[in-house]
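Here is the structure we will look at, set down as structure tokens.
A, B, ... follow the sequence lines: proteins, then strands. Residue 1 opens every chain. As the structure is a prediction and not an experimental result, all values here were calculated from the model.
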Amino acid sequence: MPTSRRVTNLALLVSIGLVLSIIESTFPPLLPVPGAKLGLANIATVLALYVFGPRMAIEVTVLRSILGGLLRGSVVGLFLSFSGGIVSTLVMIALYLLLKRYLSIVGVSVAGAVTHNVVQLAAAFLLIQHAALFFYLPYLVLISVPTGLFVGFASRRVAVSLQGVSPATG
Amino acid sequence: MERTTKSVTGKIKAGDIVLVALVIAASIASMVPVSRASAGEKGSLAIIEVNGEEVRRLELGDNQGCRTLRVQGAQGASTVVVEYGTVWMAESACRDKLCVGMGRIDSTGQSIVCLPNRVVIRITGGGKPRDVDAITE
Amino acid sequence: MKQVKAILNVILVTALAAGTVVLVAFLSGRNSGEKDYRSPTLFAMDTTLEITIQERDRESSEADVDACVALVEELESNTSRFTGGSDVWLVNSNAGQSPVAVHPETLEIMRRSLEFSRLSDGAFDITMAPIAGLWGFYDRNYRVPTPEEVEAARSLVDYGQVLLDEVNQTAMLAQRGMEIDLGGIAKGYTVGAMCETLRNRGVKHGLVNFGGTVGAIGSRSDGKPWSIGIRDPRGEACDLLGKLEVEDAYVSSSGDYERFFTRDGKRYSHLFDPHTGYQPTGLLSVTVVGPDPVDADILSTTIFVLGTERGFALLKVRSGYEALVVEADGAIKMTDGMRDRYVTEVRERL
């Protein structure tokens with residue numbers, strides 16, 4: 001893929017992620033945990049992973065976290081979403097590469113959502129040092145199931161439509 | 001770059017369902033023990049207020065050891081001691097020392113009030129709900 | 001293969017449904033929890049004020065509390081004995097000289113007090129201040145006075161010499177040296193005014209605790225009544241002797257543990273029998289539930305003076321009031337209505 005096309009695709013995915021996280025930030029917080037959110041922006045990462053491959057997924061996540069943090073003007077938010085985002089992306093890549101036979105895009109997306117929330121809570125604990133936060137862990141994990149499923153199905157739909165305009169040939 | 005689009009059209013696989021089921025099972029199964037663990041700490045936070053303003057919050061876990069804290073009230077210093085999940089007023093610049101005589105508190109919803117010095121210690125948080133909403137006295 | 005797929009689908013759907021139900025239940029529970037607001041412990045009228053508001057966003061709740069605080073400050077500036085220029089201060093300093101114009105609220109508090117003085121044959125009396133002062137409850141120089149001193153102070157106690165002029169909105173004490181203290185009932189009046197303000201501002205579920213006089217607005221947001229603990233008069237802070245459940249009602253308590261000093265092993269409290277000038281000894285504490293906070297406050301104080309039997313008889317002058325008392329030997333007694341309607345848990349005796 002020519003570099004210019006790559007950069008364009010990357011920019012597109014990053015902006016999709018940013019727009020989704022801005023839309024998401026208008027929803028009221030689900031739980032009184034810093035950084036807890038639906039994680040719709042993960043659609044961008046999942047798409048990047050399945051349509052363009054692992055490298056693109058990491059690039060999208062890193063750029064999205066940094067730009068998102070800067071947009072919201074919150075260093076703490078940046079730290080939380082960066083840590084959650086990068087670990088969950090790595091987990092998704094691992095599953096995608098190693099367990100492709102057993103897991104579809106939906107399963108990988110659920111795993112990513114769970115990891116994202118767990119890591120983010122751990123990061124929040126590092127900041128706040130209040131053990132009561134872990135009270136929310138089971139609920140956060142549970143929330144990530146419908147989110148992950150939604151992200152998975154949505155990404156699959158988009159990816160299927162994108163097949164006609166496959167990046168390598170299109 | 002490898003063409004990967006074929007894999008995305010794949011149907012739901014058995015692993016997906018196993019994964020989702022595992023995650024749901026694990027989170028539901030851990031709810032009771034986790035909430036019990038947080039409720040087991042009697043009250044988790046002691047909030048210290050002076051004249052209606054929160055000045056400090058202290059964690060009250062059993063493993064937090066003994067700590068002493070001095071706050072400046074309306075008439076002078078008050079000394080608050082936190083030890084093994086309980087908190088009490090050890091010294092106060094007030095005249096009546098009723099707050100010192102109020103003893104130790106350890107559960108959510110309890111409080112020690114020093115009226116003259118305008119210092120309040122109250123316990124909040126933890127999984128345990130308040131026993132009563134107010135106390136008539 | 002098809003069957004396996006079908007089974008897997010059923011499992012997936014069931015798991016999703018279960019997850020959603022638990023999630024929704026949890027989130028709805030959390031949300032009601034987040035909409036609870038409890039004010040910090042505020043200080044006014046020489047006591048503490050705590051306000052709980054449920055089912056409202058934080059900004060509205062904070063504005064509600066600010067409105068209450070403004071109300072308390074205004075009423076305190078009218079009814080405090082110690083604030084120079086307050087209604088009560090003016091009435092006291094012009095005793096035996098001239099009538100003083102007072103705010104309508106002050107006049108109402110005084111009028112209602114006098115009404116109860118007559119109903120209780122003087123067991124309740126706002127002109128008790130000289131006796132409380134003699135025992136050192138105002139300057140906190142506590143002392144046990146001689147019988148002669150008590151007798152002298154008692155001659156200044158007479159609700160019949162409080163002269164109210166409803167037309168000109170004035171009040172006057174007939175004798176020089178007389179003093180009134182509205183401290184006890186101004187608290188109840190303020191709780192009533194705060195609850196009215198909160199209701200007018202749209203609060204549906206609220207609880208005001210002003211120095212132990214509690215006003216309940218509606219029920220709790222979970223539909224259950226508000227749970228009110230009754231302080232154990234001989235226990236430490238937060239030791240309870242029982243619990244009440246109330247909705248849209250006021251609870252007031254009087255007891256010898258609220259303000260007292262100890263001399264030679266004997267406890268001397270701030271509550272006096274106007275007929276003797278000494279502390280009544282029959283009861284340790286009284287709790288009254290009813291539809292009006294001023295009446296509830298006056299009734300609890302008066303029952304403390306009158307004792308169980310005459311006190312419970314006095315309750316009948318108003319409808320809808322119930323009481324619980326702790327007698328000096330630790331026996332707990334209550335009216336039938338109290339037992340049937342409000343008490344959920346109570347010890348047999350101390």
Side-chain angles (χ1 to χ4, degrees), chain A residues 1 6 46-47 49-56 95-96 99-111 113-115 117-118 129-146 148-149 152-153 155-170, chain B residues 1-47 54 56-65 67 82 85 107-108 123-129:
Chain A
M1 182 172 17
R6 227 189 100 75
V46 175
L47 267 181
L49 175 60
Y50 272 82
V51 181
F52 301 98
R55 195 178 139 196
M56 188 72 115
L95 292 177
Y96 164 80
L99 294 176
K100 203 183 272 183
R101 282 183 57 194
Y102 308 103
L103 286 178
S104 75
I105 187 169
V106 176
V108 169
S109 155
V110 170
V114 172
T115 322
N117 278 340
V118 172
Q129 296 281 332
H130 188 0
L133 271 183
F134 284 106
F135 172 75
Y136 297 105
L137 185 60
Y139 302 96
L140 269 176
V141 170
L142 198 57
I143 285 175
S144 42
V145 171
L149 287 174
F153 283 114
S155 311
R156 188 170 70 167
R157 252 208 102 96
V158 178
V160 168
S161 346
L162 278 179
Q163 251 182 332
V165 286
S166 179
T169 57
Chain B
M1 181 176 289
E2 175 198 12
R3 279 190 64 172
T4 53
T5 42
K6 214 169 227 168
S7 59
V8 302
T9 57
K11 292 271 181 307
I12 298 282
K13 294 174 183 166
D16 293 336
I17 294 166
V18 171
L19 178 83
V20 168
L22 274 180
V23 168
I24 292 178
S27 63
I28 292 180
S30 60
M31 274 177 197
V32 174
V34 166
S35 71
R36 190 172 296 158
S38 20
E41 292 175 44
K42 286 172 177 168
S44 66
L45 271 183
I47 294 184
E54 180 178 323
R56 280 295 289 273
R57 28 181 72 203
L58 298 166
E59 212 164 323
L60 270 188
D62 278 347
N63 51 357
Q64 298 288 326
R67 280 161 299 163
V82 179
S107 304
T108 302
I123 302 185
T124 181
K128 196 165 106 180

**Prompt:** Under the side-chain contact (heavy atoms from CB on, under 4.5 Å) criterion, do B:Asp16 and A:Val110 qualify, and how do the steps go?
**Reply:** CA-CA 8 Å; B:Asp16 293 336; A:Val110 170; over 6 Å; no
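Heavy atoms of A:Arg101 lying under 4.5 Å from chain B belong exclusively to its backbone. For A:Val141, the parts lying under 4.5 angstrom from a heavy atom of chain B are both the backbone and the side chain.
Partners of A:Leu99 under the side chain to side chain contact (heavy atoms under 4.5 Å, CB included) rule, at least two apart in sequence or in another chain, are A:Leu95, A:Tyr102, A:Leu103.
Taking chain B as the reference chain and counting heavy-atom pairs below 4.5 Å, the highest number among A:Pro138, A:Gly148, A:Ser144, A:Gly107 is found for A:Pro138.
Considering only heavy atoms from C-beta on, B:Val20 comes within 4.5 Å of A:Leu149 through its side chain.
Here B:Ser27 contributes atom OG and A:Asn117 contributes atom CG; the two are 11.5 Å apart, rounded to the nearest 0.5 Å.
With hydrogens and angles ignored, the 3.5 Å screen pairs a side-chain donor or acceptor of B:Lys13 with a backbone N or O of A:Lys100.
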